[in-house]
Amino acid sequence: MAISNPRVTLTYIKWALLVLALFAHTCNGFYLPGSYMHTYSKAQEIITKVNSLTSIETELPFSYYSLPYCKPPDGIKKSAENLGELLMGDEIENSAYRFKMNVNETLYLCTTHPLTEHDVKLLKQRTRDLYQVNMILDNLPAMRYAYQNGVKIQWTGFPVGYTPPNSKDDYIINHLKFRVLIHEYEGSGVQIIGTGEEGPGVISEAEKKKASGYEIVGFEVYPCSVKYDPDTMKKKSMYQSIPAVNCPSELEKFQIIREQEKVSFTYEVEFVKSDIRWPSRWDAYLKMEGARVHWFSILNSLMVIFFLAGIVFVIFLRTVRRDLTRYEELDKESQAQMNEELSGWKLVVGDVFREPDSSKLLCVMVGDGVQITGMAVVTIIFAAFGFMSPASQGMLLTGMIILYLFLGIIAGYVAVRMWRTIKGTSEGWRSVSWFVACFFPGIVFLILTVLNFILWGSNSTGALPISLFFVLLPLWFCISVPLTLLGGFLGTRAEAIQFPVRTNQIPREIPVRKYPSWLLILGAGTLPFGTLFIELFFILSSIWLGRFYHVFGFLLIVLLLLVIVCAEVSVVLTYMHLCVEDWRWWWKAFFASGSVSLYVFLYSINYLVFDLQMRLSGPVSAILYLGYSLIMATAIMLSTGTIGFLMSFYFVHYLFSSVKID
C-alpha cells in the first residue's frame, strides 16, 4: 500500500484553501439572472423601446406602428431579436419617447394628420379589443397600477384607448406620465454577469469609477387622455417643453377617436430616487401570489404518491415476492404440478415479451418522449437556478429549442435500442431514427404552419416571417436529424436488452373481460393530472393573460412528483393487466400515464370557457388557442407515456427474470 507524502498533502490542502478563498472573493456580489447593468450619467439620453401590441381578448399581436403613433425622428429601427422572441411574435423597435437621466420634464411629441376612416376603424377596434402598448426601458417593461374593487392591481403596459361603459365613443390615450425609479450607483466592486440582449459583461473594481452613476430600478406609467387644441400644438417642435399637464376626469376633456380629428401626443417624466438595488429590480414584477396554493398542489401530489406507493409496495412485497419465494422452494415435480395450476401473471410467461402491434411507432414515440422529457427537466432546472430570467426576453423558449435539438442523439439511441430489443436485429434502424427526428417536430411544424397562415391573413406580428422558416428548417435537418441518426447508430452498437424468458410460437388466447381495458387506462390518467392541474392553471395564466411565470422551483418539484406518479400508475396498471392474463401490456403501459394529456387538453378548454370566459374574440383566436393547446397536450402525452412505459418495461423484465423456466 502506498503511503502519501505529508508535505505533498499539505501543499494540496494549501492550494485548495487558496482556490476556495479566491472563489469566495469573486462570488462577492455575484448576480446571474437578468441583463448587463447599465449606469447612466446625469442628463444622459435614454431611449425607450416598444414591443408588439397585445391583447388577452384576441391573442393576436400587432406592430406598434400599425397605429398612427409618433415615429422617432431618426427612423424606426428594429432591435436584434433571438429565436424565442421571434416565435412569440415579439417585434421590438425604438420609440419616439426619450428621457434625460434624472431630469424631470414635460414634452410635446407630435400631432397626427387628420384621422382617416381606416385610422379610426383600427383605433376603435384595438381599443374595444383591450390592446395594450408594451414599452421597455433598460430591459424593464412599463408597469401600470390600477384599482379594482379597492384592490391595487399591477399590469404591464397601458391601454391603446378607453371606452366608457354603455358608450359608443372611444378615447385615445395620448398623454403618458412616466415615473422612473433610479438608484445612485457608486461602483462598490459588485461583479455582475448577464445573459440579456446586450450580451454578457462584468463590472469589477477596476471599472468602479467609470461605472458610477444612476441605475434604473423601476419603470411605471400613468396614462390618460387629454384633448388639445391641434392648431396650437402643431406650432410646437418635437421634444419642446410644455407646461405640466393635469389628467382630466371629465369625458368632454378626453381626446375622442373620430374622423378628421388631429391627435396631439405629449408625455412627462419624473425620476424618483429609490433604495431598490439593481439585482432586486425585478421583484416588483415577480411578486409571488398564492404561495399556499403551490404548497397545496405539492401536498396533494405527495398524498397521491404515497397512496400509489402503498399499492406498489403491496404488489412487490406481499404478492410477487411471496409467490416467487414459494415457487423457488418447491422441487421440480412440485413445480411441474404447480405450473398446471398456475393463474394470473404466471400464465403469460411465454407471451409477455411478444412483439406489440405497431412496434416501430412505439419505439419512435418513446424516443421522442425521452427527448421532450430531457428538454423539460434541464430547462426547468436551469430556470429554477436563475439562468433563464424573465429579464432575458425569449431566452426560455430559445433554450428549450437548443436543448431539444441536441438531445436528438439520446432520442435516437433509446428508440433504436428499444427497436433492437423488440426485433432482435438492427435492421431498419435508419428508418426508426428518421421517424424519431421527424415525428414530433413534424406534428408541431404542421400545426404551426396552419396557424401561421391564419395569422398572415390577420396581418399579425405573431405570424412567423418566411426568413424564420429558413432558419428553423436548417436547424431541424442540419442539427437535429444528424444527431438523431448518430444516436441511432450508437444504439446499434449498444448491447441489446435480453428477454429473460422465451416467447411461444402460438399466442395465448386472452380471456374475455367484463369491462374494456381502455376504460381503466382513461381512469389511470386522472392521478397524474391530479398532481399537475394546479400548476397548470398558473402556466396557462402566464401564457394567455400576460403574467410572468417565475416559480420554477415549485414547477421542478411538481415535475419530479409527476414522474413518480406516472411510473407508479403505469406499473400498477401493467400488473393488473398481467393478472387477468392480458399479455398485450406495451401500449397500455404507455397510455396509462400518457392519457393525462387528454385531461390537460380538456382542462385547457375548461380554462378557455370559465377562466378566460370566452374572451377570445372571433374564431381565429379560438383556433390559435386550441392549436397551441394541442401542441402542449401532444408533448405531455409523449413525455408522460414514455416515463410510464420505461418503468413498466423494467418492472416486467425484473418480474419475469425472477421466474425459473425449464
Worksheet entry | Pairwise side-chain contact, Asp368 with Gln371, heavy-atom cut-off 4.5 Å (strictly under) | yes
Discussion item. Ring-plane angle category for Phe537 and Tyr607, please: parallel below 30°, perpendicular beyond 60°, tilted otherwise.
Written reply: perpendicular
Fill in: Counterpart residues, side chain to side chain contact (heavy atoms under 4.5 Å, CB included), relative to Ser359 (two or more places apart)
Glu355, Pro356, Trp419, Ile422, Lys423
Worksheet item: Who pairs with Val414 by side chain to side chain contact (heavy atoms under 4.5 Å, CB included), at least two apart in sequence or on another chain?
Response: Val366, Val370, Ile410
Discussion item. When you measure from the side chain of Tyr404 to the backbone of Ser480, do you find a donor-acceptor pair of N or O atoms at a distance under 3.5 Å?
Written reply: no
Fill in: With sequence neighbours excluded, residues passing ring pair (Phe, Tyr, Trp, His ring centres under 6.0 Å) with Phe591
Trp587
Worksheet item: Of all residues at least two apart in sequence or in a different chain, which pass the ring pair (Phe, Tyr, Trp, His ring centres under 6.0 Å) check with Phe353?
Response: Phe499
Worksheet item: Any side-chain heavy atom of Arg420 within less than 4.5 Å of one from Trp429?
Response: no
Practice prompt. Mind checking side chain to side chain contact (heavy atoms under 4.5 Å, CB included) for Ala635 and listing every partner two or more places apart, or none if nothing turns up?
Written response: Ile372, Phe440
Discussion item. Using 0.5 Å steps for rounding, measure from the CD1 atom of Ile401 to the CE atom of Met375.
Written reply: 9.5 Å
Worksheet item: Does a side-chain heavy-atom distance below 4.5 Å link Tyr625 with Ile605?
Response: no
Practice prompt. Measure across Ala524 and Leu573 and return the closest heavy-atom pair with its distance rounded to 0.1 Å.
Written response: CB-CD2, 4.3 Å
Worksheet item: Say you draw a straight line from CD1 of Ile402 to CG of Leu407; how long is it, rounded to the nearest 0.5 Å?
Response: 11.5 Å
Worksheet item: How long is the span from the CG atom in Leu562 to the CD atom in Glu535, to the nearest 0.5 Å?
Response: 11.5 Å
Practice prompt. Give a yes or no on whether the backbone of Asp129 and the side-chain of Ser55 come within a donor-acceptor separation of less than 3.5 Å.
Written response: yes
Discussion item. Could you check whether any side-chain heavy atom of Val580 comes within less than 4.5 Å of a side-chain heavy atom of Met576, counting everything from C-beta outward?
Written reply: no
Discussion item. I want to check something: taking the side chain as every heavy atom from C-beta on, are Leu483 and Leu405 in contact at a cut-off of under 4.5 Å?
Written reply: no
Worksheet item: Within a reach of under 6.0 Å around CZ of Phe649, are more than 12 heavy atoms found that belong to other residues, nucleotides or ligands?
Response: yes
Worksheet item: How would you list, by chain and number, every residue that makes a side-chain hydrogen bond (donor to acceptor under 3.5 Å, both in side chains) with Arg508, sequence neighbours excluded?
Response: Glu581
Worksheet item: ring pair (Phe, Tyr, Trp, His ring centres under 6.0 Å) with Phe477: which residues, sequence neighbours excluded?
Response: none
Item to complete: To the nearest 0.5 angstrom, please state how far the OG1 atom of Thr398 sits from the CG atom of Leu403.
Response: 11.0 Å
Practice prompt. Taking side chain to side chain contact (heavy atoms under 4.5 Å, CB included) as the test, write out the residues that go with Ile447, two or more places apart.
Written response: Ile443, Leu451, Leu630, Ile631
Discussion item. By the side-chain hydrogen bond (donor to acceptor under 3.5 Å, both in side chains) test, which pairs, at least two apart or in different chains, include something from residues 630-642?
Written reply: Thr373-Ser639
Worksheet item: Any side-chain donor paired with an acceptor under 3.5 Å for Ser570 and Ser648?
Response: yes
Item to complete: Might you work through the side-chain contact (heavy atoms from CB on, under 4.5 Å) test for His653 and Thr421, ending with a clear yes or no?
Response: CA-CA 12 Å; His653 190 279; Thr421 301; over 6 Å; no
Discussion item. Between Tyr599 and Leu522 (side chain of the first, backbone of the second, donor and acceptor by atom type, cut-off under 3.5 Å), is there such a pair?
Written reply: yes
Worksheet entry | Thr531 side, atom OG1; Leu536 side, atom CG - distance, nearest 0.5 Å | 10.5 Å
Worksheet item: What pairs with Thr526 under side-chain hydrogen bond (donor to acceptor under 3.5 Å, both in side chains), at least two apart in sequence or on another chain?
Response: none
Discussion item. Whether the side chain of Ser657 engages the backbone of Tyr654 through a donor-acceptor N/O pair (distance < 3.5 Å, no angle test) should be reported.
Written reply: yes
Discussion item. Once salt bridge (charged side-chain N to carboxylate O under 4.0 Å, His left out) is applied, do any residues pair with Asp351, and if so which ones, sequence neighbours excluded?
Written reply: Arg354
Fill in: Whether Phe533 and Tyr603 hold their rings parallel, tilted or perpendicular, with breakpoints at 30° and 60°
perpendicular
Item to complete: Would you check if Tyr650 and Leu646 make a side-chain contact, meaning some heavy-atom pair closer than 4.5 Å?
Response: no
Fill in: Trp476: ring pair (Phe, Tyr, Trp, His ring centres under 6.0 Å) partners, not counting sequence neighbours
Phe445
Worksheet, complete the sentence: The reported gap from CG in Leu555 to CD1 in Ile539 (rounded to nearest 0.5 angstrom) is 5.0 Å
